[in-house]
Protein chains: 2
Amino acid sequence: MQNSEAMALSAALLATAGDLVRRIDEGVVARGFEGVRPAHGFAFARLAPDGATVTELAVHLGVTKQAASQLVDDIVRKGYAERRPHPGDARARLIVLTERGWACARAAEEAAAEVVRGWGDVLGEGEVRVLRGCLARIAPYGPLRPNW
Amino acid sequence: MQNSEAMALSAALLATAGDLVRRIDEGVVARGFEGVRPAHGFAFARLAPDGATVTELAVHLGVTKQAASQLVDDIVRKGYAERRPHPGDARARLIVLTERGWACARAAEEAAAEVVRGWGDVLGEGEVRVLRGCLARIAPYGPLRPNW
DNA sequence: CGACATAGTCAAGCTACTTGACCATCCCGT
DNA sequence: ACGGGATGGTCAAGTAGCTTGACTATGTCG
């Protein structure tokens, strides 16, 4: 594998990732959820099961807890989540999704599924599964946030 | 394909992309080029063949020409590129890489090749080619800049 | 019970972008 | 040839999303 081929592969990967995020975001907006940034989606993914504290969210997103707290301010103000007292730790607060937050998370899943279906049309279902398998083995715990 | 599987694939793709960029950046720094952000690498790729104008660079990067101009200021100040008069258009300037800029671009290619070699160890050469083929067909002209 | 650790917030600062305004030069129809 | 709109580039100011630093409240452990 020549260096230039590695660059071509890298560029294709980054282009695909950028395209995916852009189209998911567009799909979420098209479903009626405005003022939502892609980063919010990653937060929703962490909050969805049972809620999370600000600190847990910060770790998940790879940012400081102050930044996570600001993000929570934002999604609370927009009605997607709410701060509740934490059962069993009076210092902490449990951030949970509101009904609208859940609806937005579902919208993001639908949008992602739509994009991936498009890939299936181009590649075929089998190759999409191969793709998923490859990626899962390469970077099972890669960073969610981009560094560029 | 269920929605949750689409999300898993999306997450794997973004994790891989994030990991790739982080490791290329680390590789470039390890080769002695400091103060270089990943965005600079995308600029280098556009400047490498024959140079480019600020406006062309802005289109390539998906930012305003003011932002591209600021980025050029930065890499000029750091010695990676220089502004030259444009042959045939007195309004424009041709931004070209310096020798150090070329060296940095080569370092990025080496770092990328190193990461991709790691993928080859995990997946096998054949599957890496399949991966590259899939990605190239999915988003041949996706955005270079992340939106999240 | 006292000392240190941890959850969260407030405040200020930084960086990489944006929008808006502007000048110099090019191109093209009259 | 020339006048007017398009284009290339820069300067200036504003913004969003992060950072670091300082602080309070609560938990944990010897």
Task: B/L57 CG - D/dT7 C1' separation (whole Å) - done: 17 Å
Task: Closest nucleotide among D/dG27, C/dG8, C/dA16 to the B/R37 side chain - done: C/dA16
Task: A/V36 vs A/I75 side-chain heavy atoms within contact, under 4.5 Å - done: no
Open item on the list: If you compare every side-chain N and O of B/R83 against the phosphate oxygens of D/dG8 (OP1, OP2), does one of them come in below 4.0 Å?
Closed with: no
Open item on the list: Is there a side-chain contact between B/R93 and the phosphate of D/dG8, meaning an N or O under 4.0 Å from OP1 or OP2?
Closed with: no
Task: Backbone of B/F42 reached by a side-chain donor or acceptor of B/H60 within 3.5 Å - done: yes
- [ ] Return the value, rounded to whole Å, for the distance between atom CG of B/D73 and atom C1' of D/dC11.
- [x] 11 Å
TODO: State which of D/dT26, C/dA24, D/dG9 makes the closest approach to the side chain of B/K65.
DONE: D/dG9
Task: B/S69 vs D/dT10: side-chain N/O to OP1/OP2 distance below 4.0 Å - done: yes
Open item on the list: From CG of A/L71 over to C1' of C/dT9, roughly how many Å is that when rounded to an integer?
Closed with: 15 Å
Task: Spacing of A/H86 atom NE2 relative to C/dT9 atom P, expressed in whole Å - done: 13 Å
Open item on the list: Under 3.5 Å, is there any donor-acceptor pair linking the side chain of A/Q70 to the base of D/dT19?
Closed with: yes
Open item on the list: Looking only at the side chain of B/A92 (C-beta and beyond, no hydrogens), which of the listed nucleotides C/dA24, D/dG9, D/dG27 gets closest?
Closed with: D/dG9
Task: d(CG, B/D74; C1', C/dC17) in whole Å - done: 13 Å
Open item on the list: In this structure, how many angstroms lie between the P atom of C/dG8 and the CD1 atom of A/I95, rounded?
Closed with: 7 Å
TODO: For B/E56 and B/T53, indicate whether the former's side chain and the latter's backbone hold a donor-acceptor pair under 3.5 Å.
DONE: yes
TODO: Return no unless some side-chain N or O of B/T64 is found under 4.0 Å from OP1 or OP2 of C/dT18.
DONE: yes
Open item on the list: Which nucleotide wins on minimum distance to the side chain of B/V63, given the candidates C/dC17, D/dG8, C/dA7?
Closed with: C/dC17
- [ ] Pick base, sugar-phosphate or nothing for B/A67, based on heavy-atom distances below 4.0 Å to the nucleic acid.
- [x] base
Open item on the list: If I take atom CZ in residue A/R84 and atom C1' in nucleotide C/dG8, what distance separates them, rounded to the nearest angstrom?
Closed with: 19 Å
Open item on the list: With a 4.5 Å cut-off on side-chain heavy-atom distances among I, L, V, M, F, W and Y, is there a chain of contacts connecting B/V63 to A/L14?
Closed with: yes
Open item on the list: Please determine whether a side-chain nitrogen or oxygen atom of A/T55 lies at a distance below 4.0 Å from atom OP1 or OP2 of C/dT6.
Closed with: no
Open item on the list: Is it the case that C/dG20 (base atoms only) and B/Q66 (side chain only) share a donor and an acceptor within less than 3.5 Å, ignoring hydrogens and angles?
Closed with: yes
TODO: Write down the distance between CZ (B/R91) and P (D/dG8), rounded to a whole number of angstrom.
DONE: 6 Å
Open item on the list: Check whether A/T16 reaches the backbone of A/A12 with its side chain - one donor and one acceptor, N or O, closer than 3.5 Å.
Closed with: yes
